[in-house]
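Comments concern the structure below.
Any value given below was found using the heavy atoms of this structure, including those in side chains, with hydrogens, waters and symmetry copies removed. Reminder, nothing fancy here: chain letters follow the sequence lines and each chain counts from 1.
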There are 2 protein chains.
Amino acid sequence: MKMNDYINLINDYLNEYIQIEEPSELFKSMKYTVTLPGKRLRPVMCLETCSLSGGNFEDAIPCACAIEMLHAQTLIHDDLPCMDNDDFRRGKPSNHKVFGAAVATLSGDALLTYAPQIITKYSKTLSPSKIIMVLNEYFNYAGARGVIAGQVLDIESEKNNDINDKKNTLKYIYIHKTSDLFKLAMRTGAIIANVDDEKLNKITDFAQNFGIAFQMADDILDEISTFEEMGKTTGKDKEEGKLTCVSLYGLDESKNKLSCLLNKCHGIMNELNFKSEIFEQILDKIQKRMDI
Amino acid sequence: MKMNDYINLINDYLNEYIQIEEPSELFKSMKYTVTLPGKRLRPVMCLETCSLSGGNFEDAIPCACAIEMLHAQTLIHDDLPCMDNDDFRRGKPSNHKVFGAAVATLSGDALLTYAPQIITKYSKTLSPSKIIMVLNEYFNYAGARGVIAGQVLDIESEKNNDINDKKNTLKYIYIHKTSDLFKLAMRTGAIIANVDDEKLNKITDFAQNFGIAFQMADDILDEISTFEEMGKTTGKDKEEGKLTCVSLYGLDESKNKLSCLLNKCHGIMNELNFKSEIFEQILDKIQKRMDI
């Protein structure tokens, strides 16, 4: 499959999985952010990892879509006035600007239950014990020990002033807030394909490094890009004195670190003997956006 | 088991299931609301239904505790400034008054993942397919088609002025916002005990009627009680012109309706041939609070 084939497939399933039922405001709010045009990186990486690991990517479609729903949920709640208070997301008004903060809070809550339900409901080809393995991954990386741990540290990061602590904190935020969803995507794809533990560890290592690189690129672009390029308000991190790689290491060193991480990712792909045009494209795209 | 034995057991497990890990603010916030003293009605009803249906209630402990965590999650988010904006809960400052709205939002999110994880992690005596049956119940009643549907209608209820629509809306809110968690509690207890469909339907019917009665009692008490009796701000419904049985039917008719529902519940218990001191106590307690 090519990147665009995966993206179209995922968009079709996301559309099918969320029909507008009653109460329609709730389902519209859920569907609004989930179906905003996006790169669908996490589900694409889930399906491609499944395929590269010798599995049938179609078995992983419910899981891939669940992860995209979970990602959308984090965006909805992140943008809330009591959180980052962002009015735009992917070039459109954020969820609470359209549906109000109360419905946006509840539609985020709903997605947190809807996403794993998609896995149990539509993974017809997986055995019950495989489904539970996938859910355990999901619960682990989506929850208080995963993405949410990163979000809490991100919120609290301004309080700390020790430079060594800051470096550790930033790494922790990158790993949990960003890498954990990529780990979830790639690990579940691999688990559905029945990979062995050694491969699973390498895949996890790739996702860990990739996630950090991805978030560093996002932080760098927040500094050097415009609203039009990013689809969301930029320059806010600096304005708010937020802890990012740019504030901690400066622009040049951040770019160097990012290149190192991407090289590491290429290396792990080789070790895994994964020949993937899609992963090459994804890694190159991040590098190229930095070179502008 | 007596009521207090169940309550102590549930409190012990809730304490054990949520240890304070890093980030400690997050886990403290989760644990704060989950462990506030409460009647533990939902988990008690889950365990007792399992027992009355011929099952071993210990098999249902993880599920019962997950439902209490889910219930706590709804309280945390309900109390947020962008929702009901309540400063007190169970006689204590609400979660966001202690931890701030951002952490309260995230700890509610975390509980939505933590709760079903408790089921998969600790239900050692259940088969994988039984665990998935329990999770399907959980996802169904906890999500956009369950509790959250009720919460959305509750928020939007002020907009509507047609009296017949109001009656239907109020019933819908009661069923989803309140009955659905009781249905979840009793159905999962029964499913773990392997009841047949006929019994399961009757149990669902009991929970449906019980939930409506329970919420009517709450609405009536909001009108006639004090902060000290309720542990939360009272009289707010009236002040805010909220749709409740009292605003729709008046105090006397509401009390009559409530008595009818409780009688219906006694009738279903008889049909089920459930002889339960605990359910008798629960039903009588609601009736007695109305008789004051």
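With no hydrogens or angles considered, no side-chain donor-acceptor pair links A:Q215 and A:K177 at under 3.5 Å.
Only the side chain of A:L153 comes within less than 4.5 Å of a heavy atom of chain B; its backbone N, CA, C and O stay farther away. Residue contact with chain A, scored on non-hydrogen atoms closer than 4.5 Å, involves the side chain of B:L80 exclusively. B:E21 touches chain A through its side chain: at least one heavy atom from C-beta onward sits under 4.5 Å away, while N, CA, C and O do not. The contact between B:P116 and chain A is made by backbone and side chain atoms together, counting heavy-atom distances below 4.5 Å.
Under the 4.5 Å side-chain criterion, counting only non-hydrogen atoms from C-beta, A:L14 is not in contact with A:I18. Contact check for A:I192 versus A:L126: side-chain heavy atoms found under the 4.5 Å cut-off.
Under the 3.5 Å distance criterion, the side-chain polar atoms of A:S129 are left unmatched by any main-chain donor or acceptor of B:P128.
For the set B:R145, B:K121, B:Q73, B:H96, the entry with the most heavy-atom pairs within less than 4.5 Å of chain A is B:R145. Per-residue heavy-atom pair counts under 4.5 Å with chain B were compared for A:V103, A:T120, A:D109, and the maximum is reached by A:D109. The choice from A:G143, A:A144, A:A110 that makes the most heavy-atom pairs within less than 4.5 Å of chain B is A:A144. Chain B forms the most heavy-atom pairs under 4.5 Å with one residue out of A:M83, A:M30, A:H176, and that residue is A:M83. For chain B, the option among A:L112, A:L106, A:I132 with the highest count of heavy-atom pairs below 4.5 Å is A:L106. For the options A:A104, A:G108, A:P23, heavy-atom pairs under 4.5 Å to chain B are most numerous at A:P23.
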**Message:** Does B:L111 form a side chain to side chain contact (heavy atoms under 4.5 Å, CB included) with B:L70? I'd like the steps, not just the answer.
**Reply:** CA-CA 7 Å; B:L111 285 170; B:L70 170 62; over 6 Å; no
**Message:** Test side chain to side chain contact (heavy atoms under 4.5 Å, CB included) on B:Y174 and B:D219; report intermediate values, then the result.
**Reply:** CA-CA 11 Å; B:Y174 282 167; B:D219 287 353; 2.5 Å; yes
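Judged by a 6.0 Å distance limit and a 45° cone about the ring axis, A:R42 is positioned over the six-membered ring of A:F182.
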